[in-house]
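I have placed the structure first, in the form of structure tokens, so that the comments after it can refer back to it.
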Protein chains: 2
Amino acid sequence: MKENYTIKDIAEMAGVSKGTVDRVIHKRGKVSPAALEQVNKVLDKIEYKPNPIAKSLKNNKNYNISILLPDAEADPYWEPCYEAISQVENEFSHFGIKIHKSLFKPSSTKSFKKAADALIDSKPDAILMVPLFYIEAENVAKRCVEADIKIATFNNYIKDHKINFEIGQDLFQSGRVAAKLFNMLLGKSGSIAILHIDEAFQNASHMQEKERGFKDFFNLNKKLDFKIDVHNLKKESKITFDQTIENFLKSIDPIDGIFVTTSKAYLIANHIATYTPDSVIIGYDLVSENIKYLEENKIAFLIHQDPKKQVYLSLTNLIEFFLFDKPLQESVLLPIDIINTENFPQYLN
Amino acid sequence: MKENYTIKDIAEMAGVSKGTVDRVIHKRGKVSPAALEQVNKVLDKIEYKPNPIAKSLKNNKNYNISILLPDAEADPYWEPCYEAISQVENEFSHFGIKIHKSLFKPSSTKSFKKAADALIDSKPDAILMVPLFYIEAENVAKRCVEADIKIATFNNYIKDHKINFEIGQDLFQSGRVAAKLFNMLLGKSGSIAILHIDEAFQNASHMQEKERGFKDFFNLNKKLDFKIDVHNLKKESKITFDQTIENFLKSIDPIDGIFVTTSKAYLIANHIATYTPDSVIIGYDLVSENIKYLEENKIAFLIHQDPKKQVYLSLTNLIEFFLFDKPLQESVLLPIDIINTENFPQYLN
DNA sequence: TTGTACGCGTTATCAC
DNA sequence: GTGATAACGCGTACAA
């Protein structure tokens with residue numbers, strides 16, 4: 001009982017040549033019925049699994065993967081993604097994997113389009129993108145399929161069957177996670193503000209999903225009595241973003257909880273002591289300013305979306321598909337990590 | 001500017017043969033000074049990275065990895081490890097990786113020893129074990145080194161430099177995570193019981209580390225005023241374990257919080273309503289009974305030690321070391337996952 | 001001391 | 001239709 005049969009083994013057992021076996025296995029035709037039967041008889045008896053390493057060696061191709069994501073200058077949320085890219089580059093450069101990073105301004109559709117155009121023109125084997133702009137991203141997906149470029153997304157979703165691989169978090173559910181945390185901290189009743197803080201509302205669908213999940217939790221728990229208000233805060237023309245936040249806090253009555261659906265919880269935490277010092281804040285993402293206020297106990301919890309892991313898993317999935325024919329997973333949902341002062345370091349590594 | 005130089009390329013550039021280049025690279029000697037210089041000159045100019053795939057193909061070995069872990073019959077905590085094993089087996093069987101699972105009774109040192117002996121005798125390429133019994137595990141490590149078997153541990157640590165790879169959680173810190181959660185739920189003061197519930201105290205060092213971290217948090221926060229009692233609960237001779245628990249609860253005054261350092265929080269949650277209904281329980285591990293009480297809001301939080309991920313990462317690390325010469329990491333600390341009713345499903349997958 | 005030739009398993013090409 | 005053969009890159013045995 002051998003374990004790993006090779007084409008050569010099969011050829012001997014069937015009394016034909018390697019070439020014929022290959023033609024049978026790959027259904028290339030040009031095989032006589034007699035030979036076909038011989039080979040199939042052997043294939044039925046044993047389990048043939050082609051050696052992926054040999055295949056890969058023969059292939060001997062360089063693969064180019066391009067990744068299209070926002071500039072971390074504009075938002076440090078994206079910083080960890082860069083680390084993941086370097087890490088994957090180091091791990092797989094020996095295997096002929098080239099990764100090309102392309103940045104766009106998260107506030108500019110044009111910038112996204114321009115970068116995407118350039119990427120598609122360069123004809124990489126795959127593009128991994130953050131589909132911040134729905135329509136434009138759909139268009140990119142379409143053109144990738146036409147150009148035979150594998151297309152994957154992370155962080156956001158576009159519901160498009162053309163996407164070969166997508167990874168992210170269940171945002172609705174993460175809203176529920178936040179709601180449950182407030183429930184545990186505040187008890188059976190209270191007032192909570194949902195704040196969508198985003199300079200230009202690129203993350204509109206993101207934020208809405210979280211809001212929906214959040215409200216869903218309280219709606220389904222009839223024993224709870226919470227007053228929930230929703231506020232959209234974006235940059236006003238003549239004043240700084242920070243002042244906009246401050247003006248907002250001035251304008252409202254003290255509240256028990258503040259749920260910030262973006263990574264901008266620090267903007268609120270910064271002013272909380274002055275205006276509504278007893279408010280519990282829950283926000284998203286381990287950007288350094290958020291961690292600072294977490295450690296000062298001004299932010300109670302953060303929810304971690306692990307952008308680094310998203311990039312790492314996206315890239316390794318694509319790479320193993322290219323190198324070893326591992327089937328591409330279609331959709332991956334990452335866990336919703338709850339972070340407090342004590343467990344954040346391990347998530348940063 | 002080529003990217004991936006092969007030995008053949010270098011040979012041509014240096015005006016020597018492949019064999020000579022190989023001898024230089026692997027320092028096998030038998031090279032004339034002149035040739036040595038030629039080759040080194042080329043090697044200085046370019047960056048040579050041997051193709052790991054070709055190396056691996058040539059190698060063409062089957063690797064046997066044995067994994068020694070407790071029987072999940074005795075404790076369902078180990079169940080997810082089995083899943084990880086199957087998953088890795090499926091992913092890498094094509095690569096000539098064989099994984100052999102060997103179980104021992106977590107309550108029996110003898111059973112551990114016996115299983116370990118058999119494994120070592122079978123001379124696998126690597127052994128991954130749960131070092132539940134310190135001295136015996138040290139002995140296994142020693143004999144593995146002698147027999148040239150790579151030795152790795154997960155879930156528990158033994159401080160032994162012979163271990164080639166170890167993975168687990170920072171238990172001290174996870175105690176602090178629990179403490180912080182109690183702090184947030186209970187406020188500035190209260191009474192908390194630390195319960196070490198373990199049928200035979202195999203996990204003694206485990207539990208003590210968590211206790212130390214837990215107390216450390218409250219000791220360092222001078223503004224907090226918590227009364228903390230420690231109780232060891234193990235099976236008494238004549239009655240069931242469950243009755244032991246019940247007797248304990250009967251014997252104490254109502255308390256604000258209960259910190260269970262093992263996966264046995266469900267045993268407490270089961271009786272909480274009768275004896276101390278307002279106690280907040282925090283425990284460890286996503287075993288199904290714990291999740292049941294989590295969903296009933298009888299357990300506030302669970303801390304997830306992700307045994308499945310521990311096994312998965314251990315195995316893939318070893319495999320990539322064997323197949324592709326990836327350097328073995330030495331020590332990996334997994335994040336300390338905080339689990340509530342809303343985010344547990346994603347951690348189970 | 002050096003170069004050559006072969007094998008690992010798969011695939012593609014090329015005579016027959 | 002078919003089988004033989006070369007090639008991918010590395011390691012190594014062996015002949016020169």
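So you know, we letter chains A, B, ... as the sequences are listed, proteins then strands, and number each from 1.
In this pair, A/H304 and A/Y347 present their aromatic rings perpendicular. The plane angle is above 60°, beyond the 30 to 60° band.
In this entry the distance linking CG of B/N59 with P of D/dG9 reads 18 Å, nearest Å. Computed from coordinates, the B/K58 NZ to C/dG9 C1' distance equals 12 Å when rounded to whole Å. As a whole-Å value, the separation of A/H26 NE2 from C/dT13 P is 13 Å. Taking atom OH on B/Y5 and atom C1' on D/dG9, their separation rounds to 16 Å, with Å as the unit. Across the protein-nucleic acid pair, A/I10 atom CD1 and C/dT10 atom C1' stand 12 Å apart, rounded to whole Å. Spacing between atom CD1 of A/I53 and atom P of C/dT10 amounts to 11 Å, rounded to whole angstrom units. The distance from atom NZ of A/K8 to atom P of C/dG7 is 8 Å, rounded to the nearest whole Å. Going from atom CG of B/N4 over to atom C1' of D/dC10 covers 14 Å, rounded to whole Å.
Of the N and O atoms on the side chains of B/N317 and B/S314, not one donor lies less than 3.5 Å from an acceptor on the other residue.
Backbone-only engagement by B/K55 is indicated by non-hydrogen atom pairs under 4.0 Å involving sugar-phosphate atoms exclusively. Here B/A35 lies in heavy-atom contact (under 4.0 Å) with sugar-phosphate atoms only. Among the atoms of the strands shown, base atoms are found under 4.0 Å from some heavy atom of A/K30. Here B/N60 lies in heavy-atom contact (under 4.0 Å) with sugar-phosphate atoms only.
The aromatic ring centroids of B/F92 and B/Y63 lie 6.0 Å or more from each other.
Listed candidates were C/dG3, D/dT12, D/dC10. Nearest to the side chain of B/S17 is C/dG3. With distances taken from any side-chain atom of B/V31 to the nucleotides C/dT11, D/dG9, C/dT2, the minimum falls on C/dT2.
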Stepwise, does the ring pair (Phe, Tyr, Trp, His ring centres under 6.0 Å) test hold for B/F165 with B/F321?
CA-CA 11 Å; B/F165 173 83; B/F321 167 76; over 10 Å; no
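Side-chain atoms of B/R23 and base atoms of D/dG11 include no donor and acceptor less than 3.5 Å apart.
Residues B/K142 and B/D160 are not paired through a salt bridge, judged by the lack of any N-O separation under 4.0 Å between the basic side chain and the carboxylate.
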